Number of protein chains: 2
Amino acid sequence: MPTVSSVNVNGVRAASTKGLLEWLAATEADVVCLQETRALPVDLPSGFLAATAGWHLTLEPAAAKGRNGVAVLSREAPVAVRTGIGAAEFAGTGRYVEVDLPELTVASLYLPKGSAGTPKQEEKDLFLAALATHLAERREKALADGREMVVAGDFNIAPAEADIRNWKGNLAHSGFLPHERAWIATLCASGWTDVVRAVHPGVDGPYTWWSYRGRAFDNDAGWRIDHVLATSGLAARAEHAVVERAPSYDTRWSDHAPVTVRFGPP
Amino acid sequence: MPTVSSVNVNGVRAASTKGLLEWLAATEADVVCLQETRALPVDLPSGFLAATAGWHLTLEPAAAKGRNGVAVLSREAPVAVRTGIGAAEFAGTGRYVEVDLPELTVASLYLPKGSAGTPKQEEKDLFLAALATHLAERREKALADGREMVVAGDFNIAPAEADIRNWKGNLAHSGFLPHERAWIATLCASGWTDVVRAVHPGVDGPYTWWSYRGRAFDNDAGWRIDHVLATSGLAARAEHAVVERAPSYDTRWSDHAPVTVRFGPP
DNA sequence: CCTTCGAGG
DNA sequence: CCTCCAAGG
């Protein structure tokens, strides 16, 4: 009955000076997926290494310094680690890492941020296509191996109107484009479950990201773009799902908040 | 009987968030020379503009964004302003500005930092040669016009052994090279007086700059490289000369400290 | 160890 | 409005 948490840290070095370490010390998660670590292994702060000394750290940095980077912290040792989504053009971009734990496969994902009408959006769309194929394959393989699977991370897509405070103003913006929402809907109709939404249907939010600009955080003008997707059998065991929104602008240590899901026994 | 202060702020924007504004509010100086302002006029923080609302600001930024920059704050309005040291190769580098106040000419200087044996040292040496000529001319002109003159700023040269804590270890380092010390000695033998040293002969320091690295500030392992030079007649009226060293590492707002000199009536 | 810039978000 | 890089100090 693992608890899985996911958070985009917006730079593990900066976050480590602002509260990530205290959060790690307090969390009861068995697995933590991190995104935007933006550091090579050798550049991880000593405080982060100390705070995660009791965990197994699987880090997939980008080849480009200071960019992207995903990781999985797990209390249990991984029995296998795989990186990338099987598309050569995204190799070395530090956007996906997958670990097999004894009874669970967990992937940490940092999906590209797009910008409608620009090459960045084309890149995001290419990633979406490749990722859909990859996740279908990995899900099938995991289930065949007797493992359930979780894909957690920053999808940079809000699935529905309830997932953005100002959805009307964002109809033409990347992260809420119709084809992006359709992509998530298709994924969730093919054996994956958006656990937070399944546990909290019919409510606005909970948001997971707030721009640093303006008063977005204080006004809770956020987006729900960080998701924990689980294979349906596992999702059915979800007992608890929360977004750990910081109490104030001053106490948060990233522009994203952790998403934490607890699964009960089979 | 003006009081003249000089300080390298290491970025007026950063310094304004750390204590420069409080220092400006408290200073009794009539003229403040600033160096390394590193900001265009349009980028000056609103707090700095508010804190200097009672002053006249003469700013000489560098053409290159975020680099160098000198300024003079004066309680009296300048009657004339001149920039540069009359050498075309240093035009637009934001290293020298000179204002005529009713009874005093004041220059704010940021001399290039060198690095022994590199092209940077050659540039510094060229600047030294051009500056010597320029200062001789300006001094003569000021005196002819019935003004005394002050040249204040970051000279990036410690004049003598008493001006560096670890002088033996710096005999081959830029800022303490024999020909740099000779340049200052020549200047001070040609009508200019190093006011702080004149008021405090025979003591070590007071230092005006401490590296941010290591424990240099806590150990007072500094350099005296910020100077107030005055024409001899004015220097003879010096009543007080201090380096306003911050009480602790945490309270300082620049790697340099203000040098403040008070002159009595003629 | 600081401050800028510029890229990226 | 952040985090990072690189250059400059």
Side-chain angles (χ1 to χ4, degrees), chain A residues 8-18 20 35-40 43 45 61-69 93-95 110-115 118-121 123-124 154 156 173-175 209-218 221 223 225 249-250 252-256, chain B residues 8-18 20 35-40 43-45 61-69 93-95 110-115 118-121 123-124 154 156 173-175 209-218 221 223 225-226 249-250 252-256:
Chain A
N8 178 320
V9 296
N10 191 24
V12 69
R13 282 172 284 188
S16 291
T17 69
K18 299 197 289 185
L20 169 61
Q35 299 88 39
E36 279 205 271
T37 44
R38 303 176 71 170
L40 299 174
D43 294 324
K65 274 189 86 172
R67 303 284 296 284
N68 308 334
T93 59
R95 293 192 174 275
Y110 177 45
L111 214 140
K113 186 180 176 77
S115 178
T118 74
K120 293 218 170 278
Q121 189 64 39
E123 185 185 309
K124 182 177 184 178
D154 179 357
N156 268 315
H173 285 78
S174 184
W209 173 80
W210 304 262
S211 170
Y212 275 124
R213 305 182 204 193
R215 301 228 171 284
F217 187 84
D218 292 338
W223 297 47
I225 57 177
Y249 180 93
D250 289 335
R252 72 183 176 154
W253 39 268
S254 170
D255 49 348
H256 296 250
Chain B
N8 177 320
V9 295
N10 192 24
V12 69
R13 285 172 283 188
S16 291
T17 69
K18 299 197 289 184
L20 169 60
Q35 301 87 38
E36 277 205 273
T37 45
R38 303 175 72 170
L40 299 174
D43 294 325
L44 292 173
K65 274 190 87 172
R67 304 284 297 284
N68 309 334
T93 60
R95 293 192 174 275
Y110 176 45
L111 214 142
K113 186 179 175 75
S115 178
T118 73
K120 293 219 170 277
Q121 189 63 41
E123 185 186 309
K124 182 176 184 179
D154 179 357
N156 269 315
H173 285 79
S174 183
W209 174 81
W210 305 262
S211 171
Y212 275 125
R213 306 183 202 192
R215 301 230 172 286
F217 187 84
D218 291 338
W223 296 48
I225 56 178
D226 298 271
Y249 181 94
D250 289 335
R252 71 184 177 154
W253 40 268
S254 170
D255 48 349
H256 296 251

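These figures come from a predicted structure and were not determined experimentally. Per chain, numbering begins at 1; letters A, B, ... match sequence-line order.
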Exercise. How long is the line joining CG of N8(A) and P of dT3(D), in whole Å?
Worked result: 12 Å
Exercise. side-chain contact (heavy atoms from CB on, under 4.5 Å) with S211(B): which residues, sequence neighbours excluded?
Worked result: W209(B), R213(B), A216(B)
Exercise. Roughly how many Å is it from CG in L111(A) to C1' in dG9(C), rounded to a whole number?
Worked result: 14 Å
Problem set entry | Sugar-phosphate or base contact per nucleotide [nucleotides 4-9 of chain D; S, B, -; heavy atom under 4.0 Å] | SS--SB
Problem set entry | With sequence neighbours excluded, residues passing side chain to side chain donor-acceptor pair (under 3.5 Å) with W210(A) | D220(A)
Exercise. Quick one: side chain to side chain donor-acceptor pair (under 3.5 Å) partners of D226(B), sequence neighbours excluded?
Worked result: T208(B), H256(B)
Exercise. Excluding sequence neighbours, so at least two apart, what forms side-chain contact (heavy atoms from CB on, under 4.5 Å) with A15(A)?
Worked result: V9(A), L20(A), W253(A)
For this session: Mind checking side chain to side chain donor-acceptor pair (under 3.5 Å) for E123(B) and listing every partner two or more places apart, or none if nothing turns up?
Result: none
Seminar exercise, completed: L44(B) CG to dT4(C) C1', in whole Å, measures 14 Å
